[in-house]
Amino acid sequence: GDWIGQSENIVFLVISLVMLAAGFWVVTSANLVHAVLMLVVALAGSAALFLMLGAEFVAWTVVLVYIGAVVVLFLFGLMITRAPLRRDPVALDHQRRWPAMLVAAAVFATLAYATTASFGWAEGTAVQPASTAEVGDLLFNRFVIPFEAVSFVLLAALIGGIVLARKDPKE
């Protein structure tokens with residue numbers, strides 16, 4: 001049948017349009033809290049796409065690590081540092097927007113070409129998702145050192161944020 005007639009394609013289209021709108025809102029929002037909340041929507045959409053692909057472990061990792069930890073860290077960072085919630089509209093420089101958009105489009109085109117050249121369009125092939133047991137076995141046997149290194153980097157970032165945000169008592 002045609003592409004739009006399949007229900008999983010309609011669900012994919014809805015999720016991807018919501019993700020695109022949320023991503024656009026993240027980079028254009030004047031309020032930092034609203035930008036972070038739209039980042040949550042975009043990340044939840046990526047988790048939903050992973051669920052559609054049958055990668056449950058990756059989907060729940062996105063929910064727990066990115067939505068549950070990183071976004072909360074962003075919000076705590078905003079609250080601890082008492083950063084201004086709105087950007088100063090006078091200080092915005094829109095002259096550098098077009099080169100950045102061109103670079104982003106070039107990076108996207110390069111990655112899209114490299115991906116399709118390496119893996120093809122995968123028509124008629126079925127990808128078998130890895131089980132959670134296989135991913136956990138790889139994560140805690142083969143990749144245990146990078147896993148622990150990332151945890152120390154996150155701990156150092158948290159300690160650095162606290163040190164930068166604290167107020168020294170005046171003597």
Side-chain angles (χ1 to χ4, degrees), residues 11-12 15-85 87 96 100-101 103-120 122 125-168:
V11 172
F12 169 78
I15 292 171
S16 59
L17 288 175
V18 169
M19 286 177 64
L20 281 172
F24 183 76
W25 197 346
V26 166
V27 297
T28 59
S29 177
N31 190 326
L32 291 177
V33 175
H34 291 168
V36 171
L37 292 176
M38 285 299 112
L39 181 63
V40 169
V41 171
L43 291 171
S46 68
L49 291 179
F50 280 124
L51 281 176
M52 286 182 64
L53 288 172
E56 293 89 7
F57 181 78
V58 179
W60 294 117
T61 302
V62 166
V63 169
L64 290 174
V65 173
Y66 287 114
I67 297 175
V70 173
V71 171
V72 170
L73 186 64
F74 283 161
L75 291 175
F76 274 121
L78 284 173
M79 288 186 268
I80 288 173
T81 59
R82 295 189 181 128
L85 296 180
R87 289 185 279 180
R96 297 184 190 153
M101 290 173 68
V103 169
V107 169
F108 175 76
T110 303
L111 288 175
Y113 174 76
T115 303
T116 55
S118 297
F119 299 108
T125 60
V127 177
Q128 295 295 326
S131 69
T132 305
E134 292 170 354
V135 173
D137 186 46
L138 279 174
L139 185 64
F140 291 114
N141 285 332
R142 184 173 173 198
F143 297 110
V144 70
I145 301 298
F147 183 76
E148 292 297 326
V150 167
S151 68
F152 280 116
V153 168
L154 288 173
L155 177 65
L158 181 63
I159 292 171
I162 291 170
V163 168
L164 289 174
R166 72 182 180 122
K167 292 183 177 180
D168 291 329

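Within a 6.0 Å radius of CZ in Phe57, more than 12 heavy atoms belonging to other residues, nucleotides or ligands are found.
By the side chain to side chain contact (heavy atoms under 4.5 Å, CB included) test, Met38 pairs with Ala22, Trp25, Val26, Val41, sequence neighbours left out. Applying the ring pair (Phe, Tyr, Trp, His ring centres under 6.0 Å) rule to Phe108 yields no partners; only residues at least two apart in sequence or on another chain are considered. The side chain to side chain contact (heavy atoms under 4.5 Å, CB included) check on Leu37 picks up Val33, with sequence neighbours excluded.
What you find for Ile15 and Gly45 is that their closest heavy atoms are CG2-O, 3.5 Å. Among all heavy-atom pairs drawn from Ala47 and Val63, the shortest one is CB-CG2, 3.8 Å. The two residues Val62 and Leu43 make their nearest non-hydrogen contact at CG1-O, 3.7 Å.
A 4.5 Å side-chain heavy-atom check between Leu49 and Met52 finds at least one atom pair inside the cut-off. Within the 4.5 Å cutoff, the side chain of Tyr66 has no heavy atoms near those of the Val40 side chain.
Rounding to the nearest 0.5 Å places CG of Leu39 at 11.5 Å from OG of Ser29. The distance from the OG1 atom of Thr116 to the CG atom of Leu111 is 10.5 Å, given to the nearest 0.5 Å.
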